[in-house]
2 protein chains.
Amino acid sequence: MACGTCANENAYKAVFIWYRTKQRGGSMPSKEDLESCMRDMPPGSPKLSILSFQGGFHGRTLGCLATSHSKPIQKVDIPSLVWPVAPFPQLRYPLELYAEENRREEERCLDAVWKIIVESKTTGQPVAGIVVEPIQAEGGDHHASNTFFRRLQRIAKDNDAAMIVDEVQTGVGLTGRMWAHEHWGLEEPPDFVTFAKKMLIGGYYYKDEFRPQGGYRIINTWVGDPAKLVLLEAVIRVIEEDRLLDNMRETGDVLLEGLRTLENKYPDVLDGSRGQGSFCAVDCPTEAVRNKLIYALRNKGVQAGGCGERTIRCRPALIFQPHHAEMFLDIFNGVLAQGNIR
Amino acid sequence: MACGTCANENAYKAVFIWYRTKQRGGSMPSKEDLESCMRDMPPGSPKLSILSFQGGFHGRTLGCLATSHSKPIQKVDIPSLVWPVAPFPQLRYPLELYAEENRREEERCLDAVWKIIVESKTTGQPVAGIVVEPIQAEGGDHHASNTFFRRLQRIAKDNDAAMIVDEVQTGVGLTGRMWAHEHWGLEEPPDFVTFAKKMLIGGYYYKDEFRPQGGYRIINTWVGDPAKLVLLEAVIRVIEEDRLLDNMRETGDVLLEGLRTLENKYPDVLDGSRGQGSFCAVDCPTEAVRNKLIYALRNKGVQAGGCGERTIRCRPALIFQPHHAEMFLDIFNGVLAQGNIR
């Protein structure tokens with residue numbers, strides 16, 4: 001597939017096909033299914049949903065938009081399927097100070113997921129799958145614990161829903177592992193992992209049981225782009241040869257430690273430093289302050305980015321090394337020291 | 001955009017944004033719009049639709065699928081938005097024998113379009129736009145007259161609906177013009193023309209009034225692929241220098257004349273020869289016969305394709321010349337002469 005959005009759209013489709021096939025006891029679609037879908041009516045066009053999270057982002061085509069809830073500008077004026085949305089944990093930092101509070105927050109979110117899925121079975125629109133980012137990236141770099149994701153997988157499994165891990169932003173090394181979900185210690189692999197960006201081509205990998213029977217169900221005109229696979233092979237070779245995953249962990253340690261130091265030094269401007277590998281972020285008190293900082297950094301030669309409403313995100317290339325992180329932190333300190341940000 | 005599907009998804013979104021902006025008297029989204037869209041509820045997530053045609057195909061993501069009605073295998077088991085679908089003319093060939101019948105058939109379809117749009121205004125889900133292919137390609141190479149399309153544009157205009165011409169298959173030369181809709185003699189250009197395939201990149205061009213106010217409304221990560229524009233420039237240069245549009249018309253004359261001759265010679269196997277430029281097709285009595293012919297052609301070195309249920313479609317490259325058409329017709333005649341097709 002050409003992009004991450006297309007990867008997600010097709011993963012959703014594969015989940016729906018899997019769910020309906022189970023409901024039919026493994027049979028292919030019936031004559032009634034084939035006829036009714038041409039009128040966009042059940043049973044051929046079933047009432048099923050993908051459960052997503054508040055603050056999540058999975059793309060901007062109409063199917064993906066029904067699961068994206070990070071910013072109104074992406075959704076407003078566009079008709080939507082109405083699918084359930086669960087709260088995603090809003091953790092407090094530093095984590096060690098708020099362990100019990102954060103545990104309760106994750107509990108609250110998992111309870112909501114469980115309740116939505118169980119109730120959906122009686123409302124005529126069952127949840128066929130869950131889609132989740134390892135770190136809610138567009139939404140403002142919201143993390144959750146490894147335990148949260150392990151329990152989320154358990155809830156999906158117990159309720160016959162598939163679990164799609166959207167690694168379009170987190171995949172391919174930035175978190176210090178090839179895939180962010182490798183940090184979680186899952187009982188079994190996710191049902192689907194979707195990818196794009198650093199993979200240079202969009203797509204997903206998945207468990208065998210999710211392969212639709214028969215042909216022409218998940219397909220497109222291009223059916224891939226072989227030249228990009230050659231490029232990807234080179235990318236993966238360099239990641240291995242140059243130990244770039246190790247580099248992302250080592251750089252991330254410097255980056256996060258540095259952000260924490262700046263946060264302690266400028267507590268009225270920075271807050272909530274967090275990260276996994278070099279996938280780091282820090283919050284500002286308001287959107288205006290965040291944008292002011294980003295412009296100031298740009299004027300010093302640093303291309304920083306925002307996410308969520310008031311977060312600065314670090315998304316360095318895999319070749320960004322500890323001494324580059326020091327350079328960035330030094331410039332960031334200089335910008336903050338000017339003292340005219342708020 | 002990366003593909004034709006993505007082009008259509010975004011054209012639909014631009015239509016919805018335009019329609020809602022008009023409803024607001026030109027204002028940006030209200031606070032209520034921005035809040036309600038995050039819950040996928042009106043007015044932020046409005047109840048609006050894109051009207052499409054039976055037999056049409058516009059892609060396989062969830063938004064496009066709601067407008068695709070060519071084959072059940074593409075739709076079955078996937079939840080859908082429920083948007084209105086109008087009949088597309090089923091013309092009889094040769095056209096000169098069935099002029100009056102075909103005129104009535106087109107009238108019937110236009111009446112249905114008009115009725116659906118007018119009624120949609122009172123049902124709480126107005127039609128914001130119409131999407132139509134110049135030739136229904138996946139659906140079985142269904143053509144309609146230039147008058148049909150001119151009147152369709154008039155109906156859209158009179159009812160404040162946008163008209164999207166999906167030229168993903170018909171665009172870039174095969175019909176003997178750069179864009180198939182150039183044949184129609186429209187009063188004014190279409191509101192949107194979507195493209196991909198031979199353009200090497202997906203996208204749409206559109207009238208100024210459909211440009212959303214403000215940024216970040218129609219956008220994606222890649223925001224284009226400059227290398228493909230360099231390739232496209234070369235494609236367009238060669239089309240002009242080698243007079244490939246003329247070539248498609250000249251080759252098409254040979255191709256269509258040849259298909260008609262074969263149809264007269266083998267009337268129990270071929271029927272309904274039709275074409276525009278080299279975008280030609282012929283029907284078989286059944287899907288089984290059609291597939292048998294395609295396999296027999298392949299065994300003689302011709303890669304032919306099917307569309308609809310029982311149609312053979314010709315989609316030659318722009319460099320396919322009259323003498324290539326003669327070679328194809330000769331092989332096709334040889335396959336038909338074996339007499340063991342039915």
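All values reported here derive from a predicted model rather than from experimental measurement. Labels below follow one simple rule: chain letters A, B, ... track the order of the sequence lines, proteins then strands, and each chain is numbered from 1.
Applying the 6.0 Å contact sphere to NZ of A:K47 captures no more than 12 heavy atoms from other residues, nucleotides or ligands. The neighbour count for B:K121 NZ, taken as heavy atoms of other residues, nucleotides or ligands under 6.0 Å away, is above 12. More than 12 heavy atoms of other residues, nucleotides or ligands shown are found within 6.0 angstrom of CD on A:Q213.
For chain B, the option among A:R217, A:R20, A:Q23 with the highest count of heavy-atom pairs below 4.5 Å is A:R217. Highest contact tally toward chain A, considering only B:P46, B:S80, B:A2, B:G44, is held by B:P46 [criterion: heavy-atom pairs under 4.5 Å]. Of all the listed residues (B:V15, B:I73, B:L48), the one sharing the greatest number of non-hydrogen pairs under 4.5 Å with chain A is B:I73. Highest contact tally toward chain A, considering only B:D40, B:L81, B:I218, is held by B:D40 [criterion: heavy-atom pairs under 4.5 Å]. With chain A as partner, the option from B:E35, B:R39, B:R60 having the largest number of non-hydrogen pairs under 4.5 angstrom is B:R60. Taking A:V76, A:D33, A:L62 one by one and counting their heavy-atom pairs under 4.5 Å with chain B, the maximum is reached by A:V76. Counting heavy-atom pairs under 4.5 Å between each of B:I78, B:T61, B:L65, B:I219 and chain A puts B:I78 at the top. In terms of heavy-atom pairs under 4.5 Å with chain B, the best-connected choice from A:S68, A:A66, A:S45, A:P79 is A:P79.
Annotation: the span from A:M38 atom CE to B:Q54 atom CD amounts to 8.5 Å, rounded to 0.5 Å.
Heavy atoms of B:M1 lying under 4.5 Å from chain A are absent altogether. Heavy atoms closer than 4.5 Å to chain A are found in both the backbone and the side chain of B:W83. In this structure, chain A has heavy atoms under 4.5 Å from both the backbone and the side chain of B:K197. Heavy atoms closer than 4.5 Å to chain A are found in the backbone of B:S70, but not in its side chain.
Ionic pairing of B:D77 and A:R24 is present here: one or more N-O contacts between side-chain nitrogen and carboxylate oxygen are shorter than 4.0 angstrom.
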Item to complete: Could you go through the side-chain contact (heavy atoms from CB on, under 4.5 Å) check for B:L34 and A:K75 one step at a time?
Response: CA-CA 8 Å; B:L34 297 174; A:K75 293 175 72 74; over 6 Å; no

